[in-house]
Amino acid sequence: MTSFAETGLSAAALAAVERLGYESPTPVQERAIPLVLKGCDLIAAAKTGTGKTAAFSLPALDRTGRAARAKHPVVLVVTPTRELANQITEVCEAIASGDGRRVTCVVGGVAQGPQEQRLAKGTDVLIATPGRLLDLMGQKAVFLDDVEVLVLDEADRMLDMGFLPSVRRIVAATPESRQTLLFSATIDESVRRQVDELLRDPAVVQVAHKGETADTVDQYLCRVPKALRMDLLRAILDDYGSERVIVFVRTRRRADSACRKLKKWGFAAEPLHSDRSQNQRDRALRNFAQGKTDILVATDVLARGIDVDQVAYVVNFDLPAVPEDYVHRIGRTGRAGAEGFAVSFAIPET
Ligand code: AMP
């Protein structure tokens with residue numbers, strides 16, 4: 001694996017990497033950073049959780065300097081949701097904190113006044129959701145004619161949310177000479193067709209597209225008679241450790257009964273499923289995140305909401321019904337380049 005230094009980032013950017021606490025680049029960072037530094041347009045297929053934010057923020061900020069005119073940022077990131085915008089802003093602020101560049105986030109759903117004031121004072125890096133950005137452009141609170149690097153983040157989601165016309169208008173307000181970086185969880189034919197005109201001869205980086213799993217997760221299949229699954233689970237917990245483990249089951253009843261049994265055996269386990277109140281679910285997740293509960297026994301409904309770092313491994317007590325649920329389930333482990341593994345039980349019936 002290459003190190004951050006080998007990606008070609010400057011000493012200042014490497015200091016930012018250290019501030020962010022990253023040791024080595026994730027696969028998408030390893031491949032995207034050198035291409036962005038070279039000045040290529042880029043299409044990257046990378047989901048949230050792969051380290052994509054730093055994959056574009058580090059080289060984009062490394063290639064650019066301060067804005068020459070106050071309301072004319074040189075880096076623009078367009079992203080579909082407020083949460084993503086905030087997350088990107090945090091990363092950009094950490095990168096820029098060493099050099100005094102100004103990072104501004106403009107999103108809908110909050111008062112516009114403070115955002116206008118901030119823009120009037122000047123910004124080098126702008127992170128925005130499409131609707132609010134268009135409003136501010138209409139009011140001449142911001143101009144995009146100095147943008148050198150344009151990032152379109154979660155492009156597939158922006159398309160799904162009907163933002164394509166807005167994105168087109170935003171892109172049209174930036175100079176043709178810009179560098180465009182497009183990140184998307186998936187890049188299928190329909191996405192390509194809709195975004196191709198926005199990019200110039202882009203390099204393509206494909207890390208984990210739809211249906212593929214994170215490549216840091218080792219996957220095992222155990223054939224086991226139905227009646228012996230609890231015993232196999234116990235043996236795995238005894239052998240591989242019982243801390244930070246998620247067990248996925250098909251039904252709420254099975255989640256409850258497996259938990260009862262695990263507790264009887266002395267494990268700290270808690271169920272997570274849709275029959276529990278929001279409070280109970282929040283508490284279960286918090287306990288798990290804080291290490292008060294070692295094992296979470298969950299149904300698929302909630303698999304997508306579990307965002308806990310460093311899950312040691314995942315057990316598929318029941319196989320999921322559809323492949324995408326499998327990808328989501330085992331995506332809980334091996335996040336951001338950490339090692340992880342997944343064990344799936346296959347009973348004769350499945
Ligand atoms: P993202 O895909 O950008 O949403 O990033 C997912 C998570 O991975 C975030 O919590 C980042 O802080 C973390 N992360 C990004 N790059 C690295 C890295 N090189 N090493 C460790 N963690 C990282």
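In listed order, ligands and their atoms are each counted from 1. Small disclaimer: the values here were computed from a predicted structure and weren't measured. We number each residue from 1, following the sequence as shown.
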>> Could you check whether Asp153 pairs with Lys52 (Lys NZ or Arg NE/NH1/NH2 to Asp/Glu carboxylate O, under 4.0 Å)?
In response: yes
> Going by the angle between their ring planes, with limits at 30° and 60°, are Tyr313 and Phe341 parallel, tilted or perpendicular?
Replying inline: parallel
> Residues in salt bridge (charged side-chain N to carboxylate O under 4.0 Å, His left out) with Asp146, at least two apart?
Replying inline: Arg69
>> Suppose I only count heavy atoms of Thr53 and a 4.0 Å limit; which atoms of ligand 1 are within that range?
In response: 1 (P), 3 (O), 4 (O)
> Who's closest to atom 5 (O) of ligand 1 heavy-atom-wise, of Gly51, Ala55, Ala46?
Replying inline: Gly51
>> I need the contact type for Ser24 against ligand 1. Using non-hydrogen atoms and a strict under-4.0 Å cut-off, is it side chain, backbone, both or neither?
In response: backbone
> Among all residues two or more places apart in sequence or in another chain, which pass the salt bridge (charged side-chain N to carboxylate O under 4.0 Å, His left out) test with Arg101?
Replying inline: Asp99
> Judging by distance only, is a nitrogen or oxygen of Glu23 under 3.5 angstrom from one on ligand 1?
Replying inline: no
> Between Tyr22, Phe56, Phe183, which one has a non-hydrogen atom sitting closest to atom 17 (C) of ligand 1?
Replying inline: Tyr22
> Is any side-chain N of the basic residue among Glu270 and Lys292 closer than 4.0 Å to the acidic one's carboxylate O?
Replying inline: no
>> I'd like to check whether Phe4 has a polar contact with ligand 1, where a contact means an N/O of the residue lying under 3.5 Å from an N/O of the ligand.
In response: no
